[in-house]
J.: 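Handing you a structure now.
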There are 2 protein chains.
Amino acid sequence: MASRLIDGRHGAVGAWAKRCYFAGRAAMETMLRPFDVGSTQWYILHQLVQEGPTMQRELVHLLQIERATLSVIAGALVRKGLIEQVTDDKDQRRKLLRATPAGTELWRQLPDLSTVINEAAFAGISDADKEAAVRVLRLATERLNAFSDQGNSK
Amino acid sequence: MASRLIDGRHGAVGAWAKRCYFAGRAAMETMLRPFDVGSTQWYILHQLVQEGPTMQRELVHLLQIERATLSVIAGALVRKGLIEQVTDDKDQRRKLLRATPAGTELWRQLPDLSTVINEAAFAGISDADKEAAVRVLRLATERLNAFSDQGNSK
DNA sequence: ACAAATATGTTAGATAGCTAGCAGATTGTC
DNA sequence: GACAATCTGCTAGCTATCTAACATATTTGT
């Protein structure tokens, strides 16, 4: 999905959405690289340290990713010893994720990404513009998802 | 880079940029799956069939991706026999990419993604909103890139 | 003319995402 | 109680992206 593809009559919204996403991710990863933590790994740590232990299936909804994707990323954090996966007693299918002491300790050393990067990106932009941007992106996303669903069922 | 991370005072623009990007890519891939072509592979074919043979280094700029990334994706297209890579005579570092007959033939069978998907996503949205969205996303992208550069040089 | 700097492409190894399909656990229905 | 349906997680295999490091080829500068 490249620049000119999405350019044209619709003003390149899609192309800029892509670039903005990758620029944001790159900014996060630049700050996280010294700690050997990826951007989505960061969010999982954030959730587990700030909000407490969380069911894996719950994280799927919070992160809005597929369970297969989460499974792999959680696996990476387990391998690094930063989180633990505990099978639920009542329902043996489910797994609870919780930060290990090492994970909690690492979290304390990490820079405060959530505010720093959002400030860097969006400070000073008018609320009206930001609201318009969200309106456009949200509507486009809903329509694109509907489009894919239709294509898949057909 | 997940939902709540980018939420907060700045209205979740970043989170919606991500979702919109993936929704658009998914819509493309839904239509392309029967043909065994990925979304970025589609753009390369588009360029080579519609605009003619193109230097690999030129495609890096058109697609705004790293040359390592392009190298891999072009490799996949070569493997499938859809494009050819020809070393330039004047400058043996450079390679020209061109569609093979098989690639041109496949292109003719592909659905017209560029208009269909853009219409599906953005039709009927006011120009003012789309312009605001581009303004926000472009500015945020520039700032985030500057942020990363600063972090890397430091 | 030679050495250093720059340009181009590739490979290796990582993150993040998806679908498809498997396996085990739980729930629902007859 | 048994069988089917659903839920949850995992693996395999794919795309797309990045950085780092390497190999060559070309250009620049002394």
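Worth knowing before you read on, the calculation uses all heavy atoms, side chains too, and leaves out hydrogens, waters and symmetry mates. Below, chains carry the letters A, B, ... as their sequence lines are ordered, and counting in each starts from 1.
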J.: What residues, two or more places apart in sequence or in another chain, satisfy side-chain contact (heavy atoms from CB on, under 4.5 Å) together with A:V72?
T.: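 Listed in chain order: nothing, the list is empty.
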J.: Can you list the residues that meet the salt bridge (Lys or Arg N to Asp or Glu O under 4.0 Å) rule with A:R94, with sequence neighbours excluded?
T.: A:D91
J.: Taking OH from B:Y21 and C1' from D:dA16, how many angstroms apart are they, rounded to a whole number?
T.: 6 Å
J.: Check the distance between C:dC18's P and A:N145's CG and give it to me in whole angstrom.
T.: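 In whole Å, C:dC18 P lies 11 Å from A:N145 CG.
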J.: Write down the distance between CG (B:D88) and P (D:dT27), rounded to a whole number of angstrom.
T.: 11 Å
J.: Could you pull out all residues at least two apart from A:E105 that satisfy salt bridge (Lys or Arg N to Asp or Glu O under 4.0 Å)?
T.: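 A:E105: salt bridge (Lys or Arg N to Asp or Glu O under 4.0 Å) contacts with A:R108.
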J.: Under the rule for side-chain contact (heavy atoms from CB on, under 4.5 Å), what residues qualify as partners of B:E29, not counting sequence neighbours?
T.: B:R25, B:R33, B:S39
J.: Is it true that A:D112 and A:T115 share a donor-acceptor pair across their side chains at a distance under 3.5 Å?
T.: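 Yes, side-chain donor-acceptor contact under 3.5 Å.
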J.: Let me know the distance between CZ of A:R25 and C1' of D:dT19, rounded to the nearest Å.
T.: 12 Å
J.: Please enumerate all residues that pass salt bridge (Lys or Arg N to Asp or Glu O under 4.0 Å) together with A:R98, with sequence neighbours excluded.
T.: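 A:R98 satisfies salt bridge (Lys or Arg N to Asp or Glu O under 4.0 Å) with A:E84 only.
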J.: Bend angle of the helix from C:dA1-D:dT30 to C:dC30-D:dG1 from five-pair axes at both ends, rounded to 10°?
T.: 10°
J.: Name all pairs fulfilling the side-chain hydrogen bond (donor to acceptor under 3.5 Å, both in side chains) condition that reach into residues 134-143 of chain B, sequence neighbours left out, sorted by first residue then second.
T.: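 Counting only pairs at least two positions apart or across chains, the side-chain hydrogen bond (donor to acceptor under 3.5 Å, both in side chains) contacts touching residues 134-143 of chain B are A:D129-B:R135.
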J.: Let me have a per-nucleotide readout for nucleotides 4-11 of chain D, 5' to 3', with B, S or -, counting only protein heavy atoms under 4.0 Å.
T.: ---BBBBB
J.: Could you list, one pair per line, each protein nitrogen or oxygen that sits under 3.5 Å from a nitrogen or oxygen of nucleotides 2-5 of chain C, together with the distance?
T.:
none

J.: Could you check how far CZ of B:R33 sits from P of D:dC14, rounded to whole Å?
T.: 14 Å
J.: Atom CD of A:Q41 and atom P of C:dA14: how far apart are they, to the nearest Å?
T.: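 Nearest whole value for this atom pair: 12 Å.
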J.: Tell me, which pairs form a salt bridge (Lys or Arg N to Asp or Glu O under 4.0 Å) where one or both residues lie in residues 57-80 of chain B, sequence neighbours left out?
T.: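 Salt bridge (Lys or Arg N to Asp or Glu O under 4.0 Å) check on residues 57-80 of chain B returns no pairs.
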J.: In whole Å, what is the span from the CG atom of B:L97 to the C1' atom of C:dG9?
T.: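 Going from B:L97 (CG) to C:dG9 (C1'), I get 11 Å.
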J.: Could you note down all residue pairs passing ring pair (Phe, Tyr, Trp, His ring centres under 6.0 Å) where residues 71-109 of chain A supplies at least one of them, sequence neighbours left out?
T.: A:W42-A:W107, A:H46-A:W107
J.: I'd like to check the salt bridge (Lys or Arg N to Asp or Glu O under 4.0 Å) partners of B:E131; sequence neighbours left out, ordered by chain and number.
T.: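 So B:E131 forms no salt bridge (Lys or Arg N to Asp or Glu O under 4.0 Å) with any residue.
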